[in-house]
A.B. asks: 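Would you mind keeping the following structure in view while I ask a few things?
Since this is a predicted model, take the numbers as computed values, not measurements.
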Amino acid sequence: MESLNSQMGSFSLSGFKTPSLFPSARARSQPGEKLSLSTSQKIRIRRRSKTPGLASNENRYRAFSATKFSQDRANRSRSKSKHSSASARRKTPTSKTSSKSHKTPKSNKTPTSKSKRQTPKSGDRFIPLRSATNLSLARQSPYRHGPPQEKSNEVPDSPYSAAASTASKRASHKALCQAFFDKDDINDAQVLTCRARLPSAPVIDHSSVYSAAPKDSERKASKKYRSIANKAFRVLDAPYILDDFFLNLLCWSSKNVLAVSLDDRVYLRGTDEEIIELTSIVNDNDEPVQVTSLHWIDNGSHIAIGTNASTIELWKIVELPGQTISSQTCQKLRKMQSTSGRSARGRIASLSWNSSHSWLLSGARNGSIQVHDICVSDHHRSTLEFHQKEVCTLEWNKAGTLLASGSADCVCCVWDSKSIEQSVQNNTHVGIVRPKFTFTHSSAPVKGISWCPWEKNLVAVGGGKADKTIRFYDTRTGDLLRSVSTKSQICQLLFSPHARELISTHGSPKYQLIVWDYDEMVHIGVLEGHKSRVLHIALDPTGTTLCTASPDETLRLWKVFEEPKKKRNPFPCSSSGFTNSIR
């Protein structure tokens with residue numbers, strides 16, 4: 001009011017009273033005081049005063065309104081001046097001579113370099129990022145205020161109604177948004193982005209981090225392996241070789257003589273790489289009989305030949321100094337007829353020798369295993385019965401104490417030599433001996449069986465086309481130690497005699513050989529070349545060269561395993577003999 005009193009003009013109102021609604025104005029305004037009014041206001045008041053019929057209260061109210069307007073204007077100017085002075089005090093002084101009271105506290109300072117303050121790379125939260133801003137959403141929106149909404153009072157049944165046109169507009173709106181912006185609706189989309197989004201954290205599978213041990217199929221090679229030639233170094237023709245999964249037509253003796261059966265004939269390949277015909281099998285009527293199995297004795301002096309007529313022929317290979325194998329050095333010893341307790345005859349698909357007991361075991365087509373003693377005239381000593389279908393594999397472990405048999409009934413049996421010996425001594429032909437363990441493979445014949453050379457109680461068993469899995473069993477407890485899927489039919493398995501390695505031969509879909517590292521069960525090498533199933537496999541006496549046979553009528557020789565390293569003599573003897581003397 002003091003400022004108003006200083007600005008009072010020539011206009012005055014006598015007897016002016018402030019309404020009781022504003023007590024502050026009534027307290028400060030006294031009768032006879034002069035109020036400052038604008039020229040327009042004065043003219044209006046004069047005109048109203050000259051007009052007859054107007055009450056004096058209206059003139060008083062106009063004067064009070066003008067006074068109140070001037071007071072509000074003064075208050076607004078006063079508040080603006082206070083706000084500008086306060087903002088000036090909040091600014092950080094730039095000169096070095098500014099007072100310390102106006103400095104920003106150290107705790108509120110942004111950590112920047114000493115020379116210049118830099119804006120964070122992620123962007124200020126009040127300044128939009130150009131890279132993350134999409135102004136096309138605001139400029140090219142098909143509908144400025146969103147898609148048209150359907151009215152509730154319209155009936156959508158008529159094609160000419162407003163509801164039908166609204167539905168078509170909504171459909172076109174959705175189609176345009178999908179075509180231009182790859183979204184169904186852009187009204188809720190963010191046009192300005194003031195801070196860049198942080199990258200999403202990677203998803204961690206904690207179950208794999210804290211698992212006890214990885215699966216065998218997921219193990220990665222942790223050591224360097226040797227290189228293996230994936231092609232055969234020698235290919236031999238094998239015409240008329242039988243295409244039968246359950247037969248065994250290839251064997252390599254300890255004297256480095258390779259035997260192979262082609263239809264009704266048996267051929268031998270000696271150390272000088274000359275091939276001779278050992279025999280041609282015929283029956284009593286001089287009709288050819290197919291050869292179904294071959295097996296050398298451990299010392300390589302005798303070979304057993306199984307036929308399709310349920311007969312076994314024994315041949316002796318006589319080796320004279322300075323002479324090679326010929327038809328004159330081969331001698332036929334005897335012919336044995338295989339019989340069965342089930343009074344059924346069939347082919348001999350598998351043979352196996354046990355030199356410590358002079359036994360020859362044969363697997364029959366009816367599922368029985370017969371034990372023959374070749375040293376006596378009555379050769380049939382016992383029969384092992386458990387399998388329900390043809391026995392296609394017979395394998396003794398290195399010690400000759402356990403026998404593993406594989407059959408077409410998808411079962412692998414492990415037999416104890418002590419129980420077999422007891423049955424032979426009692427001369428019991430059928431039904432006394434029972435297997436020690438039986439391992440069943442799901443709906444796949446079991447042919448690939450191999451005993452571990454460094455662990456006599458470990459056996460590897462491979463399933464056929466429906467199984468495709470190699471399993472390792474402990475024959476002391478019958479537990480399954482590990483298994484690995486090969487994704488291919490397993491025809492044969494063979495352990496390396498010098499290294500912790502295993503080789504498997506396969507049928508469909510890939511006709512290949514795979515060399516495995518036993519410790520980690522990973523591929524060391526994959527050998528390819530056969531055009532059909534690799535049904536037969538044999539290893540030379542040195543344990544380095546492998547021979548395979550296939551129905552593609554080829555024999556292939558591979559360099560697979562390494563020769564064992566010779567150990568140095570810790571106490572070498574010199575030629576002078578002084579090292580042998582003790583002083």
Side-chain angles (χ1 to χ4, degrees), residues 207-208 210-220 222 350 352 354 361 363 367 369 384-389 391-422 433-497 499-504 514-523:
S207 60
S208 61
Y210 297 102
S211 59
K215 297 180 180 178
D216 294 336
S217 58
E218 298 176 354
R219 294 175 184 263
K220 296 182 178 179
S222 59
S350 56
S352 183
N354 189 320
L361 280 73
I369 302 173
L384 313 179
E385 288 192 350
F386 183 84
H387 293 290
Q388 303 299 319
K389 294 183 180 180
V391 179
C392 54
T393 303
L394 293 172
E395 289 289 338
W396 286 96
N397 65 349
K398 189 175 182 180
T401 57
L402 295 174
L403 172 69
S405 61
S407 172
D409 60 358
C410 315
V411 178
C412 174
C413 296
V414 177
W415 311 80
D416 193 354
S417 62
K418 293 181 180 180
S419 59
I420 298 175
E421 183 179 5
Q422 185 178 0
V433 183
R434 305 298 296 175
K436 182 179 180 181
F437 295 108
T438 58
F439 309 122
T440 304
H441 288 230
S442 57
S443 65
V446 178
K447 185 184 179 184
I449 296 177
S450 181
W451 289 92
C452 180
W454 64 83
E455 177 56 56
K456 66 178 182 179
N457 294 308
L458 177 63
V459 62
V461 182
K465 189 174 182 179
D467 186 59
K468 306 176 184 180
T469 304
I470 302 175
R471 294 179 174 86
F472 299 90
Y473 295 99
D474 185 356
T475 56
R476 291 171 295 186
T477 60
D479 296 335
L480 175 63
L481 301 180
R482 63 166 66 173
S483 63
V484 57
S485 176
T486 62
K487 300 180 181 179
S488 181
Q489 180 188 26
I490 301 173
C491 300
Q492 291 286 359
L493 294 176
L494 186 64
F495 274 99
S496 170
R500 297 175 68 88
E501 296 174 356
L502 175 73
I503 189 168
S504 60
I514 300 178
V515 184
W516 303 82
D517 177 77
Y518 172 75
D519 296 325
E520 298 186 0
M521 286 311 295
V522 294
H523 294 184

A.B. asks: Quick check against the 3.5 Å criterion: does Ser405 have a side-chain atom that pairs as donor or acceptor with the backbone of Leu394?
C.D. replies: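 Here the side-chain-to-backbone pair does not exist.
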A.B. asks: Where is the tightest heavy-atom contact between Val411 and His387, given as atom of each residue plus distance?
C.D. replies: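 That closest heavy-atom pairing would be O-CE1, 3.3 Å.
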A.B. asks: Does the side chain to side chain contact (heavy atoms under 4.5 Å, CB included) test come out yes or no for Phe437 and Val459, once each step is laid out?
C.D. replies: CA-CA 12 Å; Phe437 295 108; Val459 62; over 6 Å; no
A.B. asks: What is the distance from atom CG of Leu494 to atom CH2 of Trp451, rounded to the nearest 0.5 Å?
C.D. replies: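 The distance works out to 14.5 Å.
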A.B. asks: The test is side chain to side chain contact (heavy atoms under 4.5 Å, CB included); show your working for Leu458 and Leu481 and say whether it passes.
C.D. replies: CA-CA 9 Å; Leu458 177 63; Leu481 301 180; 3.5 Å; yes
A.B. asks: Using atom types as modelled and distance alone, determine if a side-chain donor or acceptor of Asp416 lies under 3.5 Å from a backbone N or O of Ser419.
C.D. replies: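 No, because the side chain of Asp416 does not come within donor-acceptor range (under 3.5 Å) of the backbone of Ser419.
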A.B. asks: If you measure from CE on Met521 to OG on Ser483, what distance do you get to the nearest 0.5 Å?
C.D. replies: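 The CE atom of Met521 sits 9.5 Å away from the OG atom of Ser483.
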A.B. asks: Measuring from atom CD1 of Ile420 to atom CG of Leu402, what distance do you get when rounded to the nearest 0.5 angstrom?
C.D. replies: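 Atom-to-atom, Ile420:CD1 and Leu402:CG are 9.0 Å apart.
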A.B. asks: Roughly how far, to the nearest 0.5 Å, is CG of Leu403 from CD1 of Ile369?
C.D. replies: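 The distance works out to 6.0 Å.
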A.B. asks: May I ask you to decide if Phe386's main-chain N or O and Gln388's side chain share a donor-acceptor pair within less than 3.5 Å?
C.D. replies: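 Checking the backbone N and O of Phe386 against the side chain of Gln388, a donor-acceptor pair under 3.5 Å is found.
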A.B. asks: Can you name the closest pair of heavy atoms from Ser504 and Leu493 and give their distance?
C.D. replies: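 Minimum heavy-atom contact is CB-CD2, 3.4 Å.
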A.B. asks: Over 60° means perpendicular and under 30° means parallel, so tell me whether Trp454 and Tyr518 are parallel, tilted or perpendicular.
C.D. replies: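 The arrangement is perpendicular - the two ring planes meet at more than 60°.
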A.B. asks: Start with the C-alpha gap between Ser350 and Thr393, add the side-chain angles, then the distance that decides, and say whether side chain to side chain contact (heavy atoms under 4.5 Å, CB included) holds.
C.D. replies: CA-CA 6 Å; Ser350 56; Thr393 303; 5.6 Å; no
A.B. asks: If you count every heavy atom of other residues, nucleotides or ligands that lies below 6.0 Å from Lys436 atom NZ, does the total exceed 12?
C.D. replies: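 Yes, because the 6.0 Å sphere around NZ of Lys436 holds more than 12 heavy atoms from other groups.
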A.B. asks: Among residues two or more places apart or on two chains, list those pairs meeting salt bridge (charged side-chain N to carboxylate O under 4.0 Å, His left out) that have a residue in residues 466-478.
C.D. replies: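 Of all non-adjacent pairs touching residues 466-478, those that pass salt bridge (charged side-chain N to carboxylate O under 4.0 Å, His left out) are Asp467-Arg471, Asp474-Arg476.
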A.B. asks: Say whether, by atom type as modelled, one donor and one acceptor occur between the side chain of Ser450 and the main chain of Ala460 under 3.5 angstrom.
C.D. replies: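 Checking the backbone N and O of Ala460 against the side chain of Ser450, no donor-acceptor pair under 3.5 Å is found.
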A.B. asks: Locate the shortest heavy-atom distance separating Val446 from Cys412; write the atom from each residue and the value.
C.D. replies: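 For Val446 versus Cys412, the nearest heavy atoms are CG1-CB, 4.2 Å.
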A.B. asks: If you take all heavy atoms of His523 and Trp516, which pair is closest and at what distance?
C.D. replies: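 Result for this residue pair: NE2-CH2, 3.2 Å.
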A.B. asks: How long is the gap from CD on Glu455 to CZ on Arg500, to the nearest 0.5 Å?
C.D. replies: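 Answer rounded to 0.5 Å: 9.5 Å.
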A.B. asks: Which pair of non-hydrogen atoms, one from Ala444 and one from Gly463, has the smallest distance, and what is that distance?
C.D. replies: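 Smallest heavy-atom distance, with atoms named: CB-C, 4.4 Å.
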A.B. asks: Are the side chain of Trp396 and the backbone of Ser352 linked by a donor-acceptor contact shorter than 3.5 Å?
C.D. replies: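 Checked: no pair found.
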A.B. asks: Does Val414 form a side chain to side chain contact (heavy atoms under 4.5 Å, CB included) with Tyr473? I'd like the steps, not just the answer.
C.D. replies: CA-CA 10 Å; Val414 177; Tyr473 295 99; over 6 Å; no
A.B. asks: Between atom CD1 of Ile490 and atom CD1 of Ile470, what is the distance when rounded to the nearest 0.5 Å?
C.D. replies: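 CD1 of Ile470 is found 4.5 Å from CD1 of Ile490.
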A.B. asks: Is it the case that the side chain of Ser496 and the backbone of Glu501 share a donor-acceptor pair, with hydrogens and angles ignored and the cut-off at 3.5 Å?
C.D. replies: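 Pair absent, no side-chain N/O of Ser496 close to backbone of Glu501.
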A.B. asks: Check Cys413 against Pro435 and note the closest heavy-atom contact, atom names and distance.
C.D. replies: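 Looks like CB-CB, 4.0 Å.
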A.B. asks: Would you please name every residue forming a salt bridge (charged side-chain N to carboxylate O under 4.0 Å, His left out) with Asp409, sequence neighbours left out?
C.D. replies: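 Asp409 satisfies salt bridge (charged side-chain N to carboxylate O under 4.0 Å, His left out) with no residue once adjacent residues are dropped.
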